[in-house]
Amino acid sequence: MKTIACRLHGVNDLRIEEHEIGEIGPSDVLVTMQRGGICGSDLHYYQHGGFGPIRVREPIILGHEVAGVVSKVGEAVTAFKIGDKVAINPSKPCFECRYCEEGNFQHCTEMRFFGSARTMPHVQGAFTGAIVVDQQQCHKVDDAVSYGEAACAEPLAVCLHARNQAGDLAGKRVLVTGAGPIGSLCVAVCAQAGAADIVVTDRFDFTLSVARKMGAGRTINIAENASGLDEDVSLRELFDVVFECSGAGPAIHSAIGALRPRGTIVQVGVAGNLGLPVDAIVGKEIVFKGTHRFHAEFEQAIDFINRGEINVKHLITQTYFVDEAIAAFELAGDRSKAMKVQLQFAKPA
C-alpha cells in the first residue's frame, strides 16, 4: 500500500513523494497520520544537511513529533482498536544492550529513532500519510485532546527528562535561556513543578510572548537589552537552576554568571565546541549536566496533556497541509514569527 511522505534529498531539497507502507506484523499498529510538528533537528537537516557529525547521506523521511488515528491492528494487538487516537513515541531502544540493561534506554547503542541520520541506513521518520509501528510505541490520547496537542508529547517529554536532571524545583529561582519550543516547554514544566520565579531570555519578542503564556514571570529580550540579567547579579538575586536551551556560547556564559554557588545548569540546547569559563564553574562548584531525549517521560507527557495539567496549545502557532511542507519549514526557521509549526496530513472531506 502506498501513501505520501515528506522526504529530504539534500540541503533545502524537500520533496513530497510516494512512499510504500511496510507490512503489518502481529504486534504492529497502522496509524493514519494527522499532525506532525517540525522540530529543531528537522530544521537542521533541512537547512544544513545535519548537525555536528551527523549528516544526511541518503534520502530520509523527516519527522518524529506525530499523532494520528489507528486504522489497522496486528492479530496479537489487544491494547488498541481501530479509531483510537494515539501519539507515537519515536524512540525504539533495543532493550538488550548494556545501557538498556542499566535502565538508560535513551542511550541505547542500537536506538532506532524516527527521522535520524545517525546510522546507515538512516531511520526513516514519520512525516508520512500512514506508518506501521510497534504497539509499544503508541499511547492513547483522550478524545478531548486535539491531534496538534498530542503531537507535542515528544518535545514535552524532552523537557520533562531535562527537569529530572535538576532535582526538586519547588520554591526555586529558575532561568531559561532560549525561548523556542523547548525553552517554552521547560518554562511550563518548571511552573508545574512549583518554581517560585521563572525568568526567560531570548532574542525575539514573539517567542518571549509565548514563554509568558507558558508560565514565565519575567522575560528579557537580550537583543534589545544585553545587560538584562546584570541587575539580578548585582543584587545577588542569583538563580538556583538554569535550563540552557539556546546552545549559544554567550547564553551559557551569562547563565554561569547568573547562577548561585552550587547551582545547577541543565544543558538542553545542542552546541558545538565552546570555550567555557572553567574557573567560574570550579569556583562556584556548579553542577553542569547534559540531558538527552527521554524514556518513561513520554508516557508522563501524555498523562499531563490528557489531564490538562500542562497546556501545550500556546506552543502551536501555525499549521500547514503537508503539500505546503516547504513553506512550513521556511516559516519554522523564523523565530520572529513562528514557534511550533505543524503539518496536517489529512484534509477535511
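Position 1 is the first residue of the sequence, and the numbers go up from there.
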When you group the ILVMFWY residues by side-chain heavy-atom contacts below 4.5 Å and let the links chain together, are Ile281 and Val242 in the same group? yes

Distance (rounded to the nearest 0.5 Å) between Phe239 CZ and Arg260 CZ: 13.0 Å

Atom pair CG (Leu62) and CG (Leu43), whose distance is rounded to the nearest 0.5 Å: 9.5 Å

Would a line drawn from the ring center of Tyr45 to the ring center of Phe51 be shorter than 6.0 Å? yes

Between the side chain of Thr201 and the main-chain N/O of Ile222, is any donor-acceptor distance below 3.5 Å? no

Applying the 4.5 Å side-chain criterion to the ILVMFWY set and letting contacts propagate, would Ile38 and Leu156 be lumped into a single cluster? no

Backbone N or O of Val241 within a donor-acceptor pair of the Thr264 side chain at under 3.5 Å? no

Check the pair His292, Gln165 against side chain to side chain donor-acceptor pair (under 3.5 Å), reporting the backbone distance first and the verdict last. CA-CA 10 Å; His292 180 64; Gln165 313 311 308; over 6 Å; no

Check for a donor-acceptor pair, side chain of Lys140 on one end and backbone N or O of Ala79 on the other, with a separation under 3.5 Å. yes

Parallel, tilted or perpendicular: which one describes the rings of His107 and Tyr99, with boundaries at 30° and 60°? perpendicular

Taken to the nearest 0.5 Å, the spacing of His139 NE2 from Asp84 CG works out to 13.5 Å

CZ (Arg307) with more than 12 external heavy atoms under 6.0 Å: yes

Just by distance, no angles: are the side chains of Thr32 and Gln34 close enough, under 3.5 Å, to form a donor-acceptor pair? no

More than 12 heavy atoms of other groups within 6.0 Å of Lys92 NZ: no

Single-linkage hydrophobic cluster, 4.5 Å side-chain cutoff, Phe114 and Met111 together: no

Is the shortest side-chain heavy-atom distance between Asp134 and Asp28 below 4.5 Å? yes

Evaluate whether atom CD of Glu20 has more than 12 neighbouring non-hydrogen atoms of other residues, nucleotides or ligands under 6.0 angstrom away. yes

Hey, does Val200 have a side-chain heavy atom less than 4.5 Å from the side chain of Val187? yes

Donor-acceptor pair, Asp202 side chain versus Ala179 backbone, under 3.5 Å? yes

Step-by-step side chain to side chain donor-acceptor pair (under 3.5 Å) determination, Asn12 to Gln47: CA-CA 6 Å; Asn12 293 323; Gln47 296 172 339; over 6 Å; no

So Asp42 and His64, do their side chains get closer than 4.5 Å, heavy atoms only? yes

Decide yes or no for Lys313 and Glu149: does some side-chain heavy atom of the first lie under 4.5 Å from some side-chain heavy atom of the second? yes

May I ask you to check whether over 12 heavy atoms, not counting those of Lys72, lie within 6.0 Å of atom NZ? no

Could you check whether atom CD of Gln136 has more than 12 heavy atoms from other residues, nucleotides or ligands sitting under 6.0 Å from it? no

Classify the side-chain pair Tyr147/Gln342 by whether it contains a donor and acceptor separated by less than 3.5 Å. no

Do Arg293 and Phe113 form a cation-pi contact, if we require the NZ or CZ to be under 6.0 Å from the six-membered ring centre and within 45 degrees of the ring's axis? yes

Is it possible for you to check whether Arg335 lies under 6.0 Å from the centre of the six-membered ring of Phe204, through NZ or CZ, and within 45° of that ring's axis? no

From Leu259 atom CG to Glu244 atom CD, the distance as rounded to the nearest 0.5 Å: 12.0 Å

On the six-membered ring of Phe206, is Lys337 placed so that its NZ or CZ lies under 6.0 angstrom from the centre and within 45° of the ring axis? no

For the pair Asp197 (side chain) and Arg173 (backbone), establish whether a donor and an acceptor sit closer than 3.5 Å, ignoring hydrogens and angles. no

Looking at His19 and Lys2, would you say the former's side chain and the latter's main chain have a donor-acceptor pair under 3.5 Å? no

Value rounded to 0.5 Å, distance of CD in Gln300 from CD in Glu309: 9.0 Å

Are Tyr46 and Val322 co-members of a hydrophobic cluster defined by side-chain heavy atoms under 4.5 Å apart? yes

Between Glu65 and Lys340, is there a salt bridge with N-O shorter than 4.0 Å? yes

Under a 3.5 Å threshold, yes or no: a donor from one side chain and an acceptor from the other, between Thr319 and Gln344? no

Verify, without hydrogens or angle tests, whether Arg7 (side chain) and Ile61 (backbone) share a donor-acceptor contact under 3.5 angstrom. no

Mutual orientation of the aromatic rings belonging to Phe127 and Phe329 [parallel < 30°, tilted 30-60°, perpendicular > 60°]: perpendicular

Donor-acceptor pair, side chain of His314 and main chain of Asn311, under 3.5 angstrom: no

With side chains defined as the heavy atoms from C-beta onward, is the minimum distance between Pro121 and Glu58 less than 4.5 Å? yes

Shortest non-hydrogen contact between Val141 and Val86, atoms and distance: CG2-C, 3.8 Å

Looking at Val145, is its backbone amide N or carbonyl O close enough to the side chain of Asp142 to form a donor-acceptor pair, meaning the two atoms are under 3.5 Å apart? no

If I compare all heavy atoms of Gly257 with all of Leu238, which pair ends up nearest, and what's the gap? O-CD2, 4.2 Å

Proximity of His295 and Phe105 rings by center, below 6.0 Å: yes

For the residue pair Phe288 and Val266, establish whether any side-chain heavy-atom pair is separated by less than 4.5 Å. no

Do you know which two heavy atoms are closest between Ile60 and Val123, and how far apart they sit? CD1-O, 3.8 Å

Between Arg218 and Asp232, does any side-chain N to carboxylate O distance fall below 4.0 Å? yes

Any sub-3.5 Å donor-acceptor pair from Lys172's side-chain atoms to Asp168's backbone N or O? yes

Could you tell me the separation between the CG atom of Leu343 and the SG atom of Cys6, rounded to the nearest 0.5 Å? 6.0 Å

Please say whether more than 12 non-hydrogen atoms of neighbouring residues, nucleotides or ligands are located less than 6.0 Å from CD in Glu299. no

Hey, quick one: are Phe294 and Leu185 part of the same hydrophobic cluster, counting side-chain heavy atoms closer than 4.5 Å, chains of contacts allowed? yes

Heavy atoms only: give me the nearest Ala332-Ala338 pair and the separation to one decimal. CA-CB, 4.4 Å

Quick check: closest heavy atoms across Gly178 and Cys245, and the distance to 0.1 Å? O-CB, 3.8 Å

Taking all non-hydrogen atoms of both residues, which atom of Ala188 and which atom of Ile310 are closest, and how far apart? CB-CG2, 4.0 Å

Around atom CD of Glu23, are there more than 12 heavy atoms of other residues, nucleotides or ligands at under 6.0 Å? no

Step-by-step side chain to side chain contact (heavy atoms under 4.5 Å, CB included) determination, Glu154 to Ile88: CA-CA 8 Å; Glu154 194 274 347; Ile88 305 175; over 6 Å; no

Are Phe95 and Glu101 side-chain neighbours, meaning at least one heavy-atom pair lies under 4.5 Å? no

Flag side-chain contact, heavy atom, 4.5 Å: Ile220 against Leu229: yes

